[in-house]
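The sequence lines fix the lettering, A, B, ..., with proteins before strands; numbering per chain opens at 1. Here the structure is a predicted model, which means the values were calculated and not measured.
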2 protein chains.
Amino acid sequence: MATQRKRTKIEDIRRVELIAAAHRVFLEHGLQGMTSARICREAGMSPGILAYYFKGKDEVLFGMVRYNNRLLMEDVIARLRAARTAWARLEAIVEGNFPDSAFTRPIANAWLSVCAEAGVNPQYARLQRLFYQRLRSNLASVFDGMFDATRLRDASLVIAALIDGLWLRKAATDDVGRDEAITLVLSGIRSLLNNGEEQLLRRPADDRET
Amino acid sequence: MATQRKRTKIEDIRRVELIAAAHRVFLEHGLQGMTSARICREAGMSPGILAYYFKGKDEVLFGMVRYNNRLLMEDVIARLRAARTAWARLEAIVEGNFPDSAFTRPIANAWLSVCAEAGVNPQYARLQRLFYQRLRSNLASVFDGMFDATRLRDASLVIAALIDGLWLRKAATDDVGRDEAITLVLSGIRSLLNNGEEQLLRRPADDRET
DNA sequence: CAGAATCTTGTATAAGCGTACAAAAATCTT
DNA sequence: AAGATTTTTGTACGCTTATACAAGATTCTG
């Protein structure tokens, strides 16, 4: 029992350290350059350590993606809870997709390389789909009762596309800042809504675009 | 002279064949899985042939990307030339970004992997930037005299983001068809324009969304 | 402080990659 | 057709990678 407790503790510590190191390497070198050796070196450990705590490199990677998604989602959920109007909830969702000081070129690139890998590795594709479903259900919670199913779908598609497209742009040219990206998405959404749902959504004009 | 002509001919043939084979491999296995050996096997030649006609693998790759970009752009330019109204020109640009029967998951994925690589390889990044500049100058030609610089920039950003986002979505979940994607982008643009530029752009209501 | 369990290291292995290159085959020249 | 040139082949080299594993270091137990 005592041994059990200690073993578990160290094991968890190392796993977290390795995942954190993997995350740093990931952001710096992309999915491609995230090698086992580099992860271990970044964590200040020897090359073989990774195989001791993880079944393989993929396990580290999935752990990392899961970890980050959870952080992101917790943030969005917290913001959603604090929001009082429908528009504020929209803002929360959008801002949650551009996490504070995480809308940077390296991160955009890293995320992009995961998307690219998802096309080959079904495991990644599953994570990707989960991500989209969550965004869509968040949006559904805002538009609940305002839109019919097809209009909800269209709106979700367009909003998701806007967000993803701006991330992609960030990765490519890095000429859009976080605040500008959020403003663009929100004003895009406003345009969509003003074009037919004037009465459905409480007018966002009384809010600030921040 | 005769030798010159013949040599050049064979050389060009092989280069084209290899680029075509590279393209097929690229679509099937992604940028990652596009190895020299596979390209040669796909072309029905021996592994060493690639080094004979190209300086390295990258040269094949850049040739491939350039070739495809040129095809795409020629298509857009032809459509633009045929368009008579501003809205028709917009349609041409948007449709040109969803080439006929090329809006498929494998292609979306392949394109995505190039974007991801562009974050590491500056050569790719250059191609990427050229691509964006062309889209932007095309859009500028439509909005010429209607928008000021900042508004043009915003519109270009949003439209490009919409297009890219839908491609990314295609790669991830493959739940959007080509026609639907075009419709979504065009109606998104319409919303944007209706929200302040009613008089500037000839009303698109008299056009069909096709 | 032994002895055992746990943790860590460093290296070895095997696979896959791009590329170079000698030799073989094909083609052209005269 | 013989010799020269171009084209193609197959292989081999060097490098990088993930992973396995024996041996050493550390920590816990009694």
Atom-to-atom span, NE2 of H29(B) to P of dC17(C) - whole angstrom
10 Å
Answer yes if the side chains of T85(A) and R89(A) hold a donor-acceptor pair under 3.5 Å, and no otherwise.
no
Taking any heavy-atom pair under 4.0 Å as a contact, classify Y53(A): base, sugar-phosphate, or nothing.
sugar-phosphate
Between C1' of dT6(C) and CZ of R14(A), the distance in whole Å
12 Å
As an exercise, state the distance from CZ of F54(A) to CD of E59(A), rounded to the nearest 0.5 Å.
6.0 Å
Please state how far atom CG in L50(A) lies from atom P in dG10(C), giving the value in whole angstrom units.
15 Å
Can you tell me the distance, in whole Å, between the CD1 atom of I13(B) and the C1' atom of dT27(C)?
14 Å
Does dT8(D) have OP1 or OP2 under 4.0 Å away from a side-chain N or O of Y52(B)?
no
Rounded off to whole Å, could you give me the CE-to-P distance for the M34(B) and dG16(C) pair?
19 Å
Take I49(A) and S36(A), find for each the nucleotide of DNA chain D with the closest heavy atom, and name the residue whose nucleotide sits nearer the 5' end.
S36(A)
Where the side chain of R79(B) meets the backbone of E95(B), is there a donor-acceptor pair that is under 3.5 Å apart?
no
Does a nitrogen or oxygen in the side chain of R38(B) sit under 4.0 Å from OP1 or OP2 of dG16(C)?
no
Looking only at side-chain atoms of P47(B), point me to the closest of dG10(C), dT8(C), dG10(D).
dG10(D)
Mind calculating the distance between CZ (R15(A)) and P (dC7(C)) to the nearest angstrom?
13 Å
Would Y124(B) and V65(B) count as a side-chain contact (heavy atoms from CB on, under 4.5 Å) here? Give the steps.
CA-CA 9 Å; Y124(B) 289 40; V65(B) 173; 6.0 Å; no
Testing the 3.5 Å rule here: is there a donor-acceptor pair between the side chains of Y53(A) and D12(A)?
no
Just how far, in rounded Å, is P of dT19(D) from CE of M45(A)?
18 Å
Check each residue of residues 56-65 of chain A for a non-hydrogen atom within less than 4.0 Å of any atom in DNA chain C, then write out the ones that pass by number, or none.
none
Here the distance between atom C1' of dT7(D) and atom CD of E17(B), to the nearest Å, is 13 Å
Residues F103(B), I182(B); criterion side-chain contact (heavy atoms from CB on, under 4.5 Å); working and verdict:
CA-CA 11 Å; F103(B) 189 58; I182(B) 293 174; over 6 Å; no
Identify whether NZ of Lys or CZ of Arg in R134(A) sits under 6.0 Å from the centre of the six-membered ring of F131(A) and within 45° of that ring's axis.
no
